[in-house]
Trainee: 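Please read through the structure below; I'll follow up with questions.
Computed from a predicted model, the values in this text were never measured in an experiment. So you know, we letter chains A, B, ... as the sequences are listed, proteins then strands, and number each from 1.
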Amino acid sequence: MTALWLVCYDVTDDKRRQRLVKRLEQRCQRVQYSVFECPLDEPTLAQLLENSWLPVLKLSEDSLRAYPLDAIARDRTKVYGSPPPYEPPDYIVL
Amino acid sequence: MTTLYLTEPGTVVRFQNEALLICKQGQTRTLRVAELTLVVVLPGVQLTSVVIAELLDRGIETIFLRQDGQFRGRLQGHFATNPTIRLAQYRMVETTFGLALAHKLVEGKVRNQRVLLQRHNRKTQGQVSELVEAIDTIAAYLPRLHNSSAPLSRDELMGIEGICARTYYQALRHYFPAIWRFSGRNRQPPLDPINALLSWGYGVLLARVFSASVQAGLDPYLGFFHAIEPYRPNLVLDLMEEFRPIVVDQAVITLVQSDVLDLADFEPSPDGVGIWLGSTAKKLFLGELEKQLRQPLLYPPQNRRLSLSQILLEQARCLGRCLIDRGLNYEAFVLK
């Protein structure tokens, strides 16, 4: 089941931060400077954490957290001053 | 998951950091590849070789259409095809089972055409007598399509299909205000905006059903009703019959009734004979078609709600199973 994951980080080193951001942007929507929303199922998330995101971090100095937002949590989320929780569009006509 | 339609000539699509960079008229938009399921490309759009490679490797269905909405082709990477299904399909042509299948396909289309007319008839409370007559005419032919003890020959089947189609399209004009000058079906080229929309929509639907047939392991070119006309994707034409009214015709009706289009959104075709969709009409219509295809409906064989685009695929798979296992029966998807 795909849930929306809220991923946020604290990274002290600028270079590591940039590398992490680049990798997060591959699968997630940036909603604030250090906060991302990711429509992923749990195995995919685990795989991304293990293979892509955590390897660039130095966990003695940096941290990363991922919270699941199920449909109920997502509907109850309160957002001010930016778009509502991310949902991939059904279709785009360009 | 997202369907991406690229309609504007001059658009360039690049690949960067697992996302498509779509540039047109100095504006750039990004779209993560992981969220894409289908890309539909109109003429004049440029995909870099990296984009094409990514689409192929990830198995993202990519369809190319011509300027008039007709199916041009699709990207095909490696795919898991099932020779058993193809072989069964080849064996079934020119058999009574194949002919029975053709009956079901035609019946499905005619029933769905009738459902659309009935919807309008209910709305107008039966006051348009020509509409009532058309519904009755079609109803009169349905038992002959359904009678399995005395199956029709292919010619007879085509005859009935033709009569029902003519009746249906003539009755369909009651859906459209007079300024649209729609009096029945014409094509190659379409001569009025409604026919232009219908032709365009059938082209898009054909492309989608083509993908579904390949995904289901079937040979798109060998059919049962349209059978073996050369150079035509006969099976695709077969499989899309039941979906023409409920996807395309319904999308045209909804779009015209929503009053967002006017005659200026259409233009003469380059040869000056027919009518084509302008770029606004294309965009609006693609959006409307996509809404129809995303609509969740009860799919009785599985007793759950699926989107019409999923039902397309399930029907193709069901056909494949019926070809292998003669104990199963294909049933067209018919709206209630």
Side-chain angles (χ1 to χ4, degrees), chain A residues 1-7 9 11 14-56 66 68-69 71 74 82-94, chain B residues 1-13 15-25 27-42 44-45 54 58 65 204 208 251 277 279-296 307-309:
Chain A
M1 265 307 280
T2 305
L4 189 68
W5 293 85
L6 189 141
V7 174
Y9 62 76
V11 178
D14 224 34
K15 206 168 165 189
R16 289 203 300 271
R17 187 179 57 76
Q18 278 167 11
R19 286 174 72 187
L20 176 69
V21 164
K22 192 174 172 205
R23 292 174 180 211
L24 286 171
E25 279 177 341
Q26 295 174 352
R27 296 303 289 268
C28 311
Q29 182 76 16
R30 196 170 197 166
V31 291
Q32 287 183 354
Y33 279 121
S34 59
V35 180
F36 286 77
E37 285 172 355
C38 321
L40 298 170
D41 57 60
E42 196 155 351
T44 311
L45 176 81
Q47 210 189 349
L48 286 167
L49 280 169
E50 190 183 338
N51 300 328
S52 179
W53 301 346
L54 297 182
V56 301
L69 297 176
R74 193 166 59 184
S82 60
Y86 180 69
E87 224 170 327
D90 280 347
Y91 63 93
I92 302 173
V93 183
L94 289 178
Chain B
M1 298 297 274
T2 306
T3 300
L4 171 65
Y5 289 93
L6 297 164
T7 69
E8 283 195 21
T11 305
V12 179
V13 185
F15 183 78
Q16 195 184 80
N17 196 26
E18 305 291 304
L20 298 184
L21 285 189
I22 304 159
C23 315
K24 53 164 194 169
Q25 290 159 5
Q27 284 185 322
T28 300
R29 212 183 141 143
T30 55
L31 195 63
R32 278 179 291 278
V33 176
E35 288 165 21
L36 269 182
T37 41
L38 173 68
V39 183
V40 180
V41 186
L42 269 72
V45 175
E54 289 292 332
R58 291 161 192 261
L65 300 179
V204 177
R208 301 285 286 255
L277 282 67
S279 74
T280 312
K282 258 178 224 174
K283 285 187 190 175
L284 290 171
F285 188 40
L286 284 172
E288 192 54 54
L289 278 171
E290 190 64 30
K291 273 186 215 152
Q292 292 296 329
L293 285 163
R294 297 240 164 210
Q295 193 186 27
S307 72
L308 263 170
S309 62

Trainee: Distance from B:E18 atom CD to A:E25 atom CD, nearest 0.5 Å?
Mentor: 12.0 Å
Trainee: Establish, yes or no, whether the cationic atom of B:R32 lies under 6.0 Å from the six-membered ring centre of A:F36 and within 45° of the ring axis.
Mentor: no
Trainee: Could you tell me whether the side chain of B:T11 reaches within less than 4.5 Å of the side chain of A:L94, counting heavy atoms only?
Mentor: no
Trainee: Indicate yes or no for a side-chain donor-acceptor contact from B:T3 to the backbone of A:Y91 under 3.5 Å, with no hydrogens or angles considered.
Mentor: no
Trainee: Please classify the contact of B:K282 with chain A as side chain, backbone, both or neither, using a heavy-atom distance under 4.5 Å.
Mentor: neither
Trainee: Any heavy-atom pair between the side chains of B:N17 and A:K22 that's under 4.5 Å?
Mentor: yes
Trainee: By a 4.5 Å heavy-atom criterion (distance strictly below it), what part of B:L284 contacts chain A: side chain, backbone, both, or neither?
Mentor: neither
Trainee: Please name the pair of heavy atoms, one in A:P88 and one in B:T2, separated by the smallest distance, quoted to 0.1 Å.
Mentor: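 Heavy atoms only, the tightest pair is CB-OG1, 3.9 Å.
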Trainee: At a 4.5 Å cut-off on heavy atoms, which part of B:L36 comes close to chain A: side chain, backbone, both, or neither?
Mentor: neither
Trainee: With a 4.5 angstrom heavy-atom cut-off, which part of A:Q29 approaches chain B: side chain, backbone, both or neither?
Mentor: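 It is both, since atoms from each part get that close.
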Trainee: Are there more than 12 heavy atoms of other residues, nucleotides or ligands under 6.0 Å from atom CZ of A:R19?
Mentor: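 No, not enclosed.
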Trainee: Do B:R29 and A:I92 have side chains that get closer than 4.5 Å, going by heavy atoms?
Mentor: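 Side chain of B:R29 against side chain of A:I92, heavy atoms only: contact under 4.5 Å found.
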